[in-house]
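Please read the structure below before turning to the comments.
None of the values given here were measured: they were computed from a predicted structure. Quick note on labels: first sequence line is chain A, next is B, and so on, each numbered from 1.
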Amino acid sequence: MPELPEVEVTRRKIAPLLVGRTIAEVRTTRNSYFFLTPPGRLRRRLEGRRVEALERAGKYLLARLDSGERLLLHLGMTGQLFGTGVASVRLLSAGRGGSLSPEAQVPSFRPDVHTHLCLGFADGGPEVLFRDVRKFGKVQLLGPDERSPRLARLGVDALGVNGKALFAAARERATAIKTLLLDQSVLAGVGNIYADEALFAAGLRPTRPARRVDLIECRRLAVALRRVLRRSIATGGSSISDYIQPDGEDGGYQDERRVYQRTGEPCRRCGARIVRTLIGQRSTHYCPRCQR
DNA sequence: AGACTAACCTGAAAGC
DNA sequence: TGCTTTCAGGTTAGTC
């Protein structure tokens, strides 16, 4: 599922297909709650606009347009951005194995029923496709001065977290430390995978009440978060359920997981069996010996 | 206000 | 074999 590293990898790979190009045609599926801005309005406002930059805020992507408007994209759980025809050779090299579902092993570089937004460009080159099987993703066009509550709510970008600020937020909370990490108004970009992995790296049990995590531990956690996120970006993100890179490549970070979805397997550090529990309806994985 | 829960959605996997 | 149930989870909105 796309979290900060997957969104950042997507941003880097899709930016060359967007920035500097002029949108000539917008095709969408029928209106649904996927569209925070209705398809008709998207079409009218986007056609003729040039994309000036593609930025990331937490798990959101923001395409800045020459009109001053911004196109907000969220990949949700199963969202994918692709360019048509890009790296299509990779499609032929099937059978690499891995943890991807068959569905995800054949990325759609052509629109299918799950492709909700297609952007065609004036230069006639590759189109940009936004595909999302579960439709938890979002598309919204923001006016030049429109303030987005979704963006306004975001806390510090997780790549820039520091221990002191984390400690300040943690000491006020009665909830589990993991819940704090997943709170986008505190840390923007962390999801279930990297919350579990960072807590393992910091040696902290996810169920610990946040207010009982001291400053030293918060510093350790901040370092762990930054390191885990950076490493994942460097390896192309985690291809665990549906995520693959815009060019069809698997990410590499799923092979570096220490705890996430390793229930019952031996801890790579101490050999104890990884435990699974639930925190706030979310599956949570940790090593009962390494994490206190 | 913080904490908790339901709802949105679809496909894979497990259960029977 | 085939049908049914469970599970996955980011975010918002609603309740207490």
Exercise for the section: Quick one: which residue pairs count as a ring-ring contact (aromatic ring centres under 6.0 Å, His included) with a foot in residues 2-36 of chain A, not counting sequence neighbours? Expected result: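 Applying ring-ring contact (aromatic ring centres under 6.0 Å, His included) to every pair that reaches into residues 2-36 of chain A, excluding sequence neighbours, yields A/F34-A/H116, A/F34-A/F130.
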For [X], give me all partners under salt bridge (Lys or Arg N to Asp or Glu O under 4.0 Å), at least two apart in sequence or on another chain.
| X | answer |
| --- | --- |
| A/R173 | A/D183 |
| A/K13 | A/D247 |
| A/E25 | A/R27 |

Please output the side-chain donor-acceptor pairs of residues 206-213 of chain A that fall under 3.5 Å, not counting sequence neighbours, one pair per line with the distance.
residue : atom : partner : partner atom : Å
A/R208  : NH1  : A/R292  : O            : 2.7
A/R208  : NH2  : A/R212  : O            : 3.4
A/R208  : NH2  : A/E217  : OE1          : 2.6
A/R208  : NH2  : A/E217  : OE2          : 3.0

Residues that [X] engages under ring-ring contact (aromatic ring centres under 6.0 Å, His included), provided they are two or more places apart:
| X | value |
| --- | --- |
| A/Y260 | A/H285 |
| A/Y60 | A/H74 |
| A/F200 | none |

Exercise for the section: Among A/K178, A/E197, A/R282, find the one that has a side chain to side chain donor-acceptor pair (under 3.5 Å) with A/N192. Expected result: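 For A/N192, the side chain to side chain donor-acceptor pair (under 3.5 Å) check succeeds only for A/K178.
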Exercise for the section: Please list, chain by chain and in numerical order, all residues satisfying side chain to side chain contact (heavy atoms under 4.5 Å, CB included) with A/R11, sequence neighbours excluded. Expected result: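 Residues passing side chain to side chain contact (heavy atoms under 4.5 Å, CB included) with A/R11: A/E8, A/L54, A/R56, A/L61.
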Problem - Overall bend - the helix from B/dG2-C/dC16 to B/dC16-C/dG2, comparing terminal axes fitted on five pairs, nearest 10 degrees - result: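 The two end axes of the helix from B/dG2-C/dC16 to B/dC16-C/dG2 meet at 60°.
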Practice task
If a protein heavy atom is under 4.0 Å from the base, mark B; if only from the sugar-phosphate, S; if neither, -; do that for nucleotides 7-12 of chain C going 5' to 3'.
Solution key: -BBBBS
Handout entry: Sorted by number, the residues of residues 227-237 of chain A with heavy-atom contact under 4.0 Å to DNA chain C
Key =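 Nothing qualifies; none.
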Practice task
Report yes if a side-chain nitrogen or oxygen of A/H114 is closer than 4.0 Å to either non-bridging phosphate oxygen (OP1 or OP2) of B/dG11; otherwise report no.
Solution key: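 Yes, because at least one side-chain N or O of A/H114 sits under 4.0 Å from OP1 or OP2 of B/dG11.
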